[in-house]
Amino acid sequence: MSDQMNPAQRAAVRYLDTPLLVLAGAGSGKTRVITQKIAYLIEQCSVEPQHIAAVTFTNKAAREMKARVGKLLGKDKMKGLRVSTFHTMGLNIVRKELKCVGLKSGFSIYDSADSLALIKELMKKTFGDPGNQVEQVQYSISRWKNAFVLPEQAAQEAHDAHSTAAAQIYATYNHHLKTYNAVDFDDLIMLPVILFRENPDKLAAWRERIRYLLVDEYQDTNTTQYELVKQLVGVRNCLTVVGDDDQSIYSWRGANPENLALLKQDFPNLRVIKLEQNYRSTGRILRAANALISNNPHVFEKRLWSELGNGDPLRVIRCKDEEQEAEQVVHELMHHRFRHGNKFKDYAILYRGNHQSRLFERMLRQNNIPYYLSGGTSFFAYTEIKDVMAYLRMVANPDDDNAFVRIINTPRRELGPGTVEKLAGYAHMRGNSLFTSCFEIGLQQHLNQRACEKLNEFANWIVSMAHKAEEEHPIEAVKSLLLNIDYERWLLDTCKDEVIANRKMDNVKELITWLERMHKNDPSASLSDLVNKLTLIDMLKDDDEVGDQVSLMTLHAAKGLEFPHVFLVGMEEELLPHRSSIEEETIEEERRLAYVGITRAQRSLTITMAVTRKRYGEKIDCQPSRFLDELPKDDLEWAGQNVVVDEAKRQENGRSQLAMLRGLLSEG
DNA sequence: TGGGGTGATATTTTT
DNA sequence: TATCACCCCA
């Protein structure tokens, strides 16, 4: 196995003496290092698999890593090995330490839509009209949880109207989650950290369990996640993290790339190994990537090199407008594919924002080119899936008020908003969940008899379903639940179009297939275990066996992937770098984004830009991205429209926007 | 209760 | 310009 590795990789795999930071440039084989190291620990160092934990950020990465370790070792040798996302690891800790984190069994996990609904509700209650601030508040709360800031601290540090209000909601939000016996995504990391802080004995037990920890994409960790890593590692030296500060593109959602530098402080005996040999791209592509990223400040210097030869120059195509851009790209793609006898899946079109995909989609469709669009609506955003999930959550955790409200009148039970409002008022008064309130005698003073009976009937039905799920087969319980409410009938009744209704039912069936598969893998799992696991999985990404299709995705979604031929489109000021990043002076992250885009390409890279582009209906002139100036001229080949780079105008734009922003800030 | 008209609003996205 | 949330009316 080791003969496939270069000296740096081998050193990273075998080094065990102190904590290790592997700075792995794009395409330098970082996943290989992690998988080989796991194999090395098990085979050469006799570490039991169940004492090794590898943490990634996406399910996809976790799955891939597991598969690759399996290939190296065989399935039975890796039994007990923990390869999971941070959130799944957190979930496992929370599940095992239920009481200590203040939860009851069957607790729900709120996804961002659930949490948004709850926050909106609370804001309505607290401030009346929540206006359009709900997302902002949700964002603030999430940022606090990611930065390990508790509600009290958030309230203390709040300096303006918005953060004061947000901090207030933060406290009540947490309180409500608790009464609903629910947690949100961020809590899955935050709660274990709090738990370990307050219970050293528990921490000791988990340290005993996880004796070697490996973290992938370390530059994406947020403060709370790093806290958890530090806790688990303790004074032992059993930590390997792999990351690339140049590929940190998620700081806007709490990732703290500073964590790379912090490692040096927190572990003075840290060893740093750099992987600088790139196995992916040609020399010219790498030279461009290196040149671009050298404009960013670096804590750790590194320079990628490749043995794959110089390759073709990078093409830069200027187009008249965004329509022509799409036309050109698709045109070039078709011809290139024909000339070289390539597959469609050898090509990717990468862009900054999702809205840019539309024109390319249209053009690809027009030319009958199959494409795969990454992103879009998540499986769990479909109403039918949300409905069914709410039923399942309700059965697992009847105190889940969010789920209760969602399903109480779906399908119709003659329990409309008026009734629920009164029930909620009563429940709130008594400090109970909606479900619990359905059984209370006092309710009769607030509602008419008929409504009371209906509520009672519903609550009892939930109880019987919960019973069934526990006593019998959980999947069978789910199936009979759906038959019981005749969900299919309801879909057919509410959709005008039978085709749509059938498609929705297919989605529901797929959900059940998933549950079945998960239950097969883990027969001891309860319904709530299954539902919680499902909430953490993005199913869209999963069954996408990419056929022979052109890939269309954002630069963010492209991280970790590679394609023989890449089109990097919309290389313009205000698009890449994005307008708001220019205003907020976070150009460096935009540069990393461009860097990620360039380094996805293996053999050829084509960059396009439009001279004019429609924005919000009006046609505007575009300037070429400043990043183009930062690429080595000798490696570029220009084509298309001539454009006069109006340097004065570009700077003027930047300045005036900045001035405007400053003006706004000083006023507010 | 649902659909159509109206007005605000406009990154990136995983768990 | 396109979308989406929201409100009002049938």
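Each chain gets a letter, A, B and so on, in the order its sequence line appears, and its residues count up from 1.
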Between [N] ([atom2]) and [X] ([atom1]): distance, integer Å:
X        : N      : atom1 : atom2 : value
A:Arg63  : B:dT14 : CZ    : C1'   : 13 Å
A:Ile620 : B:dA10 : CD1   : P     : 16 Å
A:Ile582 : B:dT11 : CD1   : P     : 15 Å
A:Leu568 : B:dT12 : CG    : P     : 16 Å
A:Tyr595 : B:dT12 : OH    : C1'   : 20 Å
A:Tyr139 : B:dT15 : OH    : P     : 18 Å
A:Tyr250 : B:dT14 : OH    : P     : 6 Å
A:Arg613 : B:dA10 : CZ    : P     : 19 Å

Counting the atoms with a prime plus P, OP1 and OP2 as sugar-phosphate, which does A:Glu590 contact under 4.0 Å by heavy atoms, base, sugar-phosphate, or nothing?
base
A:Glu97 CD: over 12 foreign heavy atoms closer than 6.0 Å
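Yes.
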Atom NZ of residue position A:Lys178 - does it have more than 12 heavy atoms of other residues, nucleotides or ligands inside 6.0 Å?
no
If only side-chain N and O atoms count, and only distance matters, is there a donor-acceptor pair under 3.5 Å linking [Y] with [X]?
X        : Y        : answer
A:Tyr595 : A:Arg591 : no
A:Asn448 : A:Lys422 : no
A:Glu589 : A:Ser581 : no
A:Asn222 : A:Tyr250 : no

Nearest listed nucleotide, side chain of [X], among [options]:
X        : options                : result
A:His556 : B:dT11, B:dT13, B:dT15 : B:dT13
A:His355 : B:dA10, B:dT13, B:dT12 : B:dT12
A:Phe185 : B:dT15, B:dT13, B:dT11 : B:dT15
A:Arg352 : B:dT14, B:dT11, B:dT15 : B:dT11
A:Arg412 : B:dT1, B:dT13, B:dT15  : B:dT1
A:Trp252 : B:dT15, B:dT12, B:dT14 : B:dT12
A:Asn354 : B:dT12, B:dT15, B:dT14 : B:dT12
A:Ser581 : B:dT14, B:dT15, B:dT11 : B:dT11

For the residue pair A:Tyr218 and A:Tyr226, categorise the inter-ring angle as parallel (less than 30°), tilted (30 to 60°) or perpendicular (more than 60°).
perpendicular
Do the ring planes of A:Trp144 and A:Tyr170 sit parallel (below 30°), tilted (30 to 60°) or perpendicular (above 60°)?
parallel
Please give the distance between the P atoms of C:dA5 and B:dT12 as a whole number of Å.
15 Å
Sticking with atom C1', work out how far C:dT3 lies from B:dT14, rounded to a whole angstrom.
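Going atom to atom, C1' in each nucleotide, I get 24 Å.
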For A:Phe86 and A:Ser580, take the nucleotide of DNA chain B holding the closest heavy atom to each; which residue's nucleotide lies nearer the 5' end?
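The residue whose closest nucleotide sits nearer the 5' end is A:Ser580.
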Earlier contact from the 5' end, DNA chain B, for A:Tyr616 and A:Asn409:
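Counting from the 5' end, the first nearest nucleotide belongs to A:Asn409.
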Examine [N]: is either OP1 or OP2 under 4.0 Å from a nitrogen or oxygen in the side chain of [X]? Give yes or no.
X        : N      : value
A:Arg615 : B:dT11 : no
A:Asn146 : B:dT15 : no
A:Thr535 : B:dT15 : no
A:Asn59  : B:dT15 : yes

Between A:His578 and A:Trp252, does the ring centroid distance fall short of 6.0 Å?
no
Check: A:Phe404 ring centre within less than 6.0 Å of A:Tyr180 ring centre:
no
Ion pair check, A:Arg68 and A:Glu64, cut-off under 4.0 Å:
yes
Establish, yes or no, whether the cationic atom of A:Lys454 lies under 6.0 Å from the six-membered ring centre of A:Phe458 and within 45° of the ring axis.
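Output no; distance or angle outside limits.
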What N/O pairs connect the protein and nucleotides 5-9 of chain B at under 3.5 Å? Give each pair on its own line.
| from | atom 1 | to | atom 2 | distance (Å) |
| --- | --- | --- | --- | --- |
| B:dT9 | OP1 | A:Asn132 | ND2 | 2.9 |

Tell whether A:Ser112 reaches the base of B:dT15 with its side chain through a donor-acceptor pair below 3.5 angstrom.
yes
Can you check whether any acceptor in the base of B:dT14 is under 3.5 Å from a donor in the side chain of A:Arg253, or vice versa?
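Yes, the side chain and the base share a sub-3.5 Å donor-acceptor pair.
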What is the glycosidic conformation of B:dT11: syn, defined as within 90° of 0, or anti?
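With its glycosidic angle within 90° of zero, B:dT11 counts as syn.
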What nitrogen or oxygen pairs link the protein and nucleotides 3-5 of chain C at under 3.5 Å?
| from | atom 1 | to | atom 2 | distance (Å) |
| --- | --- | --- | --- | --- |
| C:dT3 | OP1 | A:Arg358 | NH1 | 3.4 |
| C:dT3 | OP1 | A:Arg358 | NH2 | 2.3 |

